[in-house]
Colleague: 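Before I ask anything, here is the structure I am working with.
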Amino acid sequence: MFGLCIKLFLISATTRTRSCFSSKIHPGESPAYWEKVLEGIGKMKCVAYDPVDTMEWDKAGDNLPPKERRFAVLASSLLSSQTKEHVTRGATRRLHENGLLTADAIEKADEETIRKLIYPVGFYSRKASNLKKIANICLMKYDGDIPSSIEELLLLPGVGPKISHLVMILGWNNVQGICVDTHVHRICNRLGWVSRSASKQKTLMPEETRVALQRWLPREEWVPINPLLVGFGRKICTPLWPHCAECAVSRFCPSAFKDTPNSSFKSKKSALNKKL
DNA sequence: CTCCGGCATT
DNA sequence: AATGCTGGAG
């Protein structure tokens with residue numbers, strides 16, 4: 001499934017030149033030089049997912065029946081934390097090795113067993129319990145499959161906008177929206193690509209970022225922008241002290257060399273909270 | 001807003 | 001040693 005991301009990313013990278021022209025569909029609304037920025041980030045070659053490491057799991061996933069593959073996609077997405085993807089993949093693999101990637105198996109499994117298998121991922125306790133609940137719901141309502149719409153996915157415990165859009169893309173090959181995680185959210189704000197309605201302020205929630213980004217970003221970029229910015233965000237445009245000197249697109253970035261921990265809005269918020 | 005909870009980064 | 005972090009729920 002991670003392989004799918006790479007494939008889509010590569011396909012888009014090769015057609016990016018073409019997609020630059022399609023941006024003329026949204027004149028005035030899109031930020032200046034956004035094509036150059038995406039191109040520049042692509043050239044820095046920090047794709048999020050290591051192709052070699054993902055191959056093994058990808059094969060295992062591809063051999064599953066569609067229903068089981070989709071459930072595996074959902075389970076894996078639930079465990080994911082983009083900043084620590086190797087940990088996520090390890091946890092998914094351990095579940096898979098123990099035959100615990102189907103709704104049926106998880107429903108029958110002991111919650112403690114699942115908790116131990118996914119232990120290295122963040123929030124393992126909550127995620128183990130959510131996984132059990134989701135397995136139960138999938139069996140009762142969807143015959144062991146997963147919901148096929150954003151609305152129904154959002155009803156599952158522990159599934160929010162980020163995971164539901166990811167699952168629609170990876171599980172159903174259906175692009176309903178951009179998968180906005182913390183990296184996409186942070187970087188789009190630094191680039192000045194999204195703002196709160198009418199004002200020039202940064203968006204506060206990833207969900208706001210998603211809507212704002214979708215207003216102007218051409219559809220063919222909706223899937224590849226995630227692995228592109230996740231990789232970039234982990235290696236160069238880091239949350240604290242971004243490496244602007246090494247960044248090939250800093251000349252297009254209004255926040256370049258300015259975004260120190262003290263000026264980032266999250267730090268401001270926590271600093272404010274401590275004072276109160 | 002806080003919380004989760006081990007881990008990376010300072 | 002201390003801080004800050006995932007994405008979602010309450």
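Treat the numbers as computed from the prediction; the structure is a model and nothing was measured. Chain A is the first sequence line, chain B the second, and so forth, proteins listed ahead of strands; every chain is numbered from 1. All values below come from the heavy atoms of this structure, side chains included, with hydrogens, waters and symmetry mates left out.
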Colleague: Can you tell me the distance, in whole Å, between the CG atom of A:L131 and the C1' atom of B:dC4?
Modeller: 17 Å
Colleague: Between B:dC4 and C:dA1, how far apart are the P atoms? Round to whole Å, please.
Modeller: 23 Å
Colleague: Base, sugar-phosphate, or nothing: which does A:S125 touch, judged by heavy atoms less than 4.0 Å apart?
Modeller: sugar-phosphate
Colleague: Would you say whether A:F123 stacks on C:dG7? The test is a distance between ring centres of less than 5.5 Å and an angle between planes of less than 30°.
Modeller: yes
Colleague: Figure out the CG/P separation between A:L154 and C:dG7, and round it to whole Å.
Modeller: 15 Å
Colleague: Check every atom of C:dG8, C:dG7, B:dT10 against the side chain of A:W241 and return the nucleotide holding the closest atom.
Modeller: B:dT10
Colleague: May I have the distance from A:Y119 (atom OH) to B:dC4 (atom C1'), rounded to whole angstrom?
Modeller: 13 Å
Colleague: Grab the CZ-C1' distance between A:R126 and B:dT2 for me, whole Å please.
Modeller: 11 Å
Colleague: Could A:E207 and A:R210 be called an ion pair, given the rule that one side-chain N must be under 4.0 Å from one carboxylate O?
Modeller: yes
Colleague: Could you tell me whether A:E39 and A:K36 have a side-chain N and a carboxylate O separated by less than 4.0 Å?
Modeller: no
Colleague: Do the side chains of A:L213 and A:F252 join up, straight or via other hydrophobic residues, at under 4.5 Å, putting them in one cluster?
Modeller: yes
Colleague: Between A:E97 and A:R93 (salt bridge meaning N to carboxylate O under 4.0 Å), is one present in this structure?
Modeller: no
Colleague: Would you kindly give the CG-to-P distance between A:L155 and C:dA9, to the nearest whole Å?
Modeller: 10 Å
Colleague: Mind calculating the distance between CG (A:L78) and C1' (B:dC4) to the nearest angstrom?
Modeller: 14 Å
Colleague: In whole Å, what is the span from the CD1 atom of A:I150 to the P atom of C:dG8?
Modeller: 11 Å
Colleague: Taking only side-chain nitrogens and oxygens of A:Y124, does any of them come within less than 4.0 Å of OP1 or OP2 of B:dC4?
Modeller: no
Colleague: To the nearest Å, how far apart are A:R186 CZ and C:dC5 P?
Modeller: 10 Å
